[in-house]
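Here the structure is laid out as structure tokens; the discussion comes afterwards.
Heads up: numbering here begins at 1 and tracks the sequence.
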Amino acid sequence: MASILQKIAEQVLSRTTFSNLAMDRARDAAVDTIGCMIAGRGDESAAALTRAFDGEIAESGEARLVTGGSASPSFAALINATAAHALDFDDNFHPARAHASAVLVPALLAVLTSGKVTSGRRFLEAYLAGLEAQAAVGFGVNPSHYNRGWHATATVGSIGAAAGVARLLGADEESLAAAMSLATSFACGPKGQFGTTAKPLHAGIAARNAVDAARMALAGMSGRPDILERPQGFLDLFGGDDAKGWEGLTFEEEHIIESRGVVTKRHPCCASTHRAIDALLDLKQEHGLLAGDIARIETKVGISAARNLAYPDPADEMQARFSMQYCLATAFLKGSLSLSDFTRQEIERPEIREFMPRIEMQSYSAEEEKGVERLPHIVTVTTRDGRIYRKFRSHAKGSLEAPMSDHERKVKFMDCLHWANRRNSEASFQRLCALADFETLSCDNAIWNLISDGY
């Protein structure tokens, strides 16, 4: 009987045709991730890595770095994916409970060395293969795995991304399954690190592990093909108390990016805040609410979301991204959130600090969540004159159910490039949107010229 990894390998290699919708969504995800990667290149997390591994950076390495210079594919994946996730502006993928694209896109870019050339279409097909593999791995362990405290970006994300990298490198089914098996041995990443620079490092580690696992597999290294489901395997050790396993896993004709999509972030902060932010902004607009009107704002979120948001009184910009109080206060007072709201200076603004104590957060109970995949986040606003307004939000802006427009995507991309002091942001966006039409992609050609222009 075929193992789960063998079934996944067979699926992602046998799917050779993709709809225009799937390709368009893959392109949008890749462009969005590249924008986030450029914006995050100056973050302390990426800077610390370049200091730590200064001797591995050269002018003529195999793979390009978003921070400048080049290095081995392994190190390029590490630093570029860390940069992509550094500002927490990169997308979410619910089936994997992971920041799927922040791992996949930098990992795939890293293996486009001077000796490895592909087309834009093949690049996006490899992205879709990795995304489908992430969803399949996540099916058996989530949400129990994530709720247990594992950062699935670094675990599920890495295993699935290894499949995408292996496909791009031309692996057969045996080698692709081996790549995922080896990546399982690299799996790591506790959510207790949220609010520190180790959190974006998880995406970097995952991308590096995916690249290393795929290259090792193609060189003949192997692991157990049943490592997901066997005793002392991934499910047994990482699944948590309620993981269901893969018995019900099926693959539909429609690709997972068509049926579930990825969630493009509207706000540069932890996704656990997004539905509450959107609900509060809806209430503000619908009822013309002003700061002086507000007596109290109460939010009710999932258990894992409440655990993620561990900083009611954030001390720095990273903690602020994981603070419901800071994110809601800033969004309400300013009407939106942007990258410029997450600096040391901004988080100490007196008007925000004065507003934050009015915001309370509670979570659903374990009994309420039992057997339910997704409960709405609820925001209740009580005004000083006793009025009460309540909003339920099941999906954040940027999801399949509430998609961002092309214009909103462009505005976000330009915000990312502006944050990185980049030139020609609109022209870069338009050129990257033609990614599927690129006849050749490598570390030496147009895509990296677009990514690295301006420094």
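Side-chain polar atoms of R409 and T264 form a donor-acceptor pair below 3.5 angstrom. Side-chain contact annotation: H145 with T155, donor-acceptor N/O pair under 3.5 Å present. At a cut-off of 3.5 Å, with distance as the only test, a side-chain donor of S74 or D212 sits close to an acceptor on the other residue. Defined by atom type and a distance below 3.5 Å, a donor-acceptor pair is present between the side-chain atoms of S19 and E258.
Across W419, F89, F429, a single residue satisfies ring pair (Phe, Tyr, Trp, His ring centres under 6.0 Å) together with F413, and that is F429. Checked options V379, I277, I378, D282; the residue passing with R393 is D282 (criterion: side chain to side chain contact (heavy atoms under 4.5 Å, CB included)). Between K265 and the options D32, D90, D88, D91, a salt bridge (charged side-chain N to carboxylate O under 4.0 Å, His left out) holds for only D88.
Residues F93 and H99 fail the side-chain proximity criterion, which asks for heavy atoms closer than 4.5 Å. Side-chain atoms of I79 and R208, non-hydrogen and from C-beta on, never get closer than 4.5 Å to each other. When side chains are defined from C-beta on, Y311 does not count as touching M318, because their heavy atoms never get closer than 4.5 Å. In this structure, L400 and H395 have side chains that are not in contact, with every pair of non-hydrogen atoms separated by 4.5 Å or more. For the pair I359/F332, no side-chain contact is recorded, criterion being any heavy-atom separation below 4.5 Å from C-beta on. By the 4.5 Å heavy-atom criterion applied to side chains, I34 and V66 are not counted as neighbours. Considering only heavy atoms from C-beta on, V262 stays 4.5 Å or farther from N92 through its side chain.
Using a 4.0 Å cut-off between a side-chain N of Lys or Arg and a carboxylate O of Asp or Glu, E346 and R349 qualify as a salt bridge.
For K191 (side chain) and Y146 (main-chain N/O), a donor-acceptor pair under 3.5 Å exists by modelled atom type.
Using a 30° and 60° split on the angle between ring planes, H267 and H274 fall in the perpendicular class, above 60°. Using the six-membered ring where Trp is involved, H287 and Y389 have ring planes that are parallel, under 30° apart on the 30 and 60° scheme.
Annotation: the span from N80 atom CG to M37 atom CE amounts to 5.0 Å, rounded to 0.5 Å.
When all heavy atoms of A183 and A213 are compared, the pair lying nearest together is N-CB, 3.8 Å.
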